[in-house]
Amino acid sequence: MLAKIVSKLPAPIHRLLRRLFQEDRKVRQLYETTDYLSAYRAHTDMRVDDDRDAAIGGMWDQIGELQFNFMVANGLKRDSSLLDFGCGTLRGGLWYIRYLDPGNYTGIDISEKVLAAARGRVAENGLNDKHPNIILNEDPDSVFRCVAGHQYDFIIAQSVLTHLPADFVENIFIELRDVLKPGGCFFFTYWRGKKYDRVGVKDFYYPFDTLADMARKHGFSLEDYESRYDHPRGQSMALAKWEGAAVAD
Ligand SMILES: C[S@@+](CC[C@H](N)C(=O)[O-])C[C@H]1O[C@@H](n2cnc3c(N)ncnc32)[C@H](O)[C@@H]1O
């Protein structure tokens, strides 16, 4: 019945629907047959080929400016050092690079294609003399080893934990101590849900308390910034700060 209706649609719409369904099946197969991070990287790469702005979520100007204004309102200064964790094609990154003193911006990502687009953006915007550090994380077992030996005043992860399952999120808190300066702030957005849940191929929902427990276990306190961040798609914001000592299991 559905096939009959579809076959009667005008050719361009028919072609578009077929392409969307084929792509959707290809993406689902990718996540079913590959480890999560490799699938997510390959999926992002596919999307960058299509459109480098849409690949990392779109709403380019709005979410770039939103996160930048939030960080400045919450203490980011020109001479602060910032790690943009999961920097993508620099939706927030361009704002940070323009603002920060040269060399004080570091962006890391797992996708080489995303980073190639990011480097292109830096050049197109005349920002090479700001000397941003744009670094590929190639290590499937570590979140922050790619910046080993460096510590930052601020770390921001906008729309990153939204796409990471619980074991990856726990790894972030395990390694965070090495890359956050004493007194430093790790701000991150996440999808807030009543229970831990995976929706579709790459959206993960967390109760605030689940994240707070994970953070506490590894020595961090978590503060709820939901009411202080007006994300247009409803992502929540939280702040993790080092509290002194990890809790023994
Ligand atoms: C939705 S995009 C957001 C990009 C950017 N933060 C922004 O606001 O535009 C998420 C990015 O995080 C990257 N990412 C996901 N997991 C990562 C990890 N473990 N380490 C580094 N980057 C990661 C993805 O490759 C993707 O480019």
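Numbers here are sequence positions counted from 1. Bear in mind that the values here come from a model prediction, so they are computed numbers and not experimental data.
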Ring-face cation of Arg198 near Trp191 (centre distance under 6.0 Å, axis angle within 45°) | no
To the nearest 0.5 angstrom, please state how far the [atom1] atom of [X] sits from the [atom2] atom of [Y].
X      : Y      : atom1 : atom2 : answer
Leu30  : Ser38  : CG    : OG    : 9.0 Å
Glu32  : Gln29  : CD    : CD    : 7.0 Å
Gln67  : Thr189 : CD    : OG1   : 8.5 Å
Leu180 : Cys185 : CG    : SG    : 7.0 Å
Asn171 : Leu164 : CG    : CG    : 10.0 Å
Leu176 : Leu83  : CG    : CG    : 9.5 Å

Single-linkage hydrophobic cluster, 4.5 Å side-chain cutoff, [X] and [Y] together:
X     : Y      : result
Tyr40 : Tyr205 : no
Phe68 : Leu239 : yes
Met71 : Met59  : no

With Ile108, which of Ile134, Ile155, Ile135 fulfils side chain to side chain contact (heavy atoms under 4.5 Å, CB included)?
->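 Of the listed options, the one satisfying the test is Ile135.
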Step by step, work out the side chain to side chain contact (heavy atoms under 4.5 Å, CB included) result for Asn104 and Tyr96.
-> CA-CA 9 Å; Asn104 281 12; Tyr96 299 127; over 6 Å; no
Under a 3.5 Å distance rule, please check whether [X] uses its side chain to pair with a backbone N or O of [Y] as donor and acceptor.
X      : Y      : answer
Asp153 : Ser81  : yes
Arg91  : Ile63  : no
Lys130 : Leu100 : yes
Asn125 : Leu94  : no
Glu175 : Val143 : yes

Flag side-chain contact, heavy atom, 4.5 Å: [X] against [Y]:
X      : Y      : answer
Thr106 : Val147 : yes
Arg177 : Trp242 : yes
Leu66  : Pro232 : yes
Leu82  : Tyr99  : no

Would you please name every residue forming a salt bridge (charged side-chain N to carboxylate O under 4.0 Å, His left out) with [X], sequence neighbours left out?
X      : result
Lys195 : Asp197
Glu112 : Arg119
Asp213 : Arg216

Give every residue pair that meets the salt bridge (charged side-chain N to carboxylate O under 4.0 Å, His left out) criterion with at least one member in residues 226-238, sequence neighbours excluded.
-> Arg192-Glu226, Glu223-Arg228
What residue pairs, at least two apart or across chains, pass salt bridge (charged side-chain N to carboxylate O under 4.0 Å, His left out) with a residue in residues 133-150?
->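 Those involving residues 133-150 are Asp139-Arg145.
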Do Asp84 and Tyr105 get their side chains close enough for a donor-acceptor pair, meaning under 3.5 Å?
->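 Judged by distance alone, the side chains do pair up.
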Less than 4.0 Å between a side-chain N and a carboxylate O, is that true for Asp101 and Arg78?
-> no
Basic-acidic side-chain contact under 4.0 Å: Asp24, Arg28 = yes
Only one of Phe187, Phe186, Phe208, Tyr190 passes ring pair (Phe, Tyr, Trp, His ring centres under 6.0 Å) with Tyr225; say which it is.
-> Phe187
To check you understand the geometry: which heavy-atom pair defines the closest contact between [X] and [Y], and what is its length?
X      : Y      : value
Ser80  : Gly75  : OG-O, 4.1 Å
Leu211 : Phe173 : O-CE1, 4.3 Å
Thr89  : Ala117 : CG2-CB, 3.7 Å
Asn137 : Arg41  : O-NH2, 4.0 Å
Leu222 : Ala212 : CD2-N, 3.5 Å
Ala240 : Phe188 : CB-CE2, 4.5 Å

Listed by chain and number, what are the ring-ring contact (aromatic ring centres under 6.0 Å, His included) partners of His43, not counting sequence neighbours?
-> Tyr31
Hydrophobic cluster (4.5 angstrom, side-chain heavy atoms) - remaining members for Ile174 =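 Its cluster partners, ordered by chain and number, are none at all.
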Partner set under side chain to side chain contact (heavy atoms under 4.5 Å, CB included) for [X], not counting sequence neighbours:
X      : answer
Ala166 : Tyr196, Tyr206, Met214
Asp109 : Cys87, Ser111, Val114, Leu115
Pro182 : Gln151

With under 30° as parallel and over 60° as perpendicular, where do the rings of His231 and Tyr229 fit, or are they tilted in between?
->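 Correct class here is tilted.
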Here the ring-ring contact (aromatic ring centres under 6.0 Å, His included) pairs for residues 114-145, sequence neighbours left out, are Phe85-Phe144
Kindly write out the residues that satisfy side-chain hydrogen bond (donor to acceptor under 3.5 Å, both in side chains) with Trp95, not counting sequence neighbours, or none if the list is empty.
->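 Per chain and number, Trp95 pairs via side-chain hydrogen bond (donor to acceptor under 3.5 Å, both in side chains) with no residue.
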Tell me, with the steps shown, if Asp51 and Arg47 meet side chain to side chain contact (heavy atoms under 4.5 Å, CB included).
-> CA-CA 6 Å; Asp51 179 336; Arg47 298 180 70 202; over 6 Å; no
Give the intermediate values and the outcome of side chain to side chain contact (heavy atoms under 4.5 Å, CB included) for residues Ile110 and Leu37.
-> CA-CA 9 Å; Ile110 50 170; Leu37 211 58; 4.0 Å; yes
Any chance you could lay out the side chain to side chain contact (heavy atoms under 4.5 Å, CB included) test for Phe220 and Lys241, step after step, and finish with the verdict?
-> CA-CA 5 Å; Phe220 291 87; Lys241 291 195 89 168; 5.6 Å; no
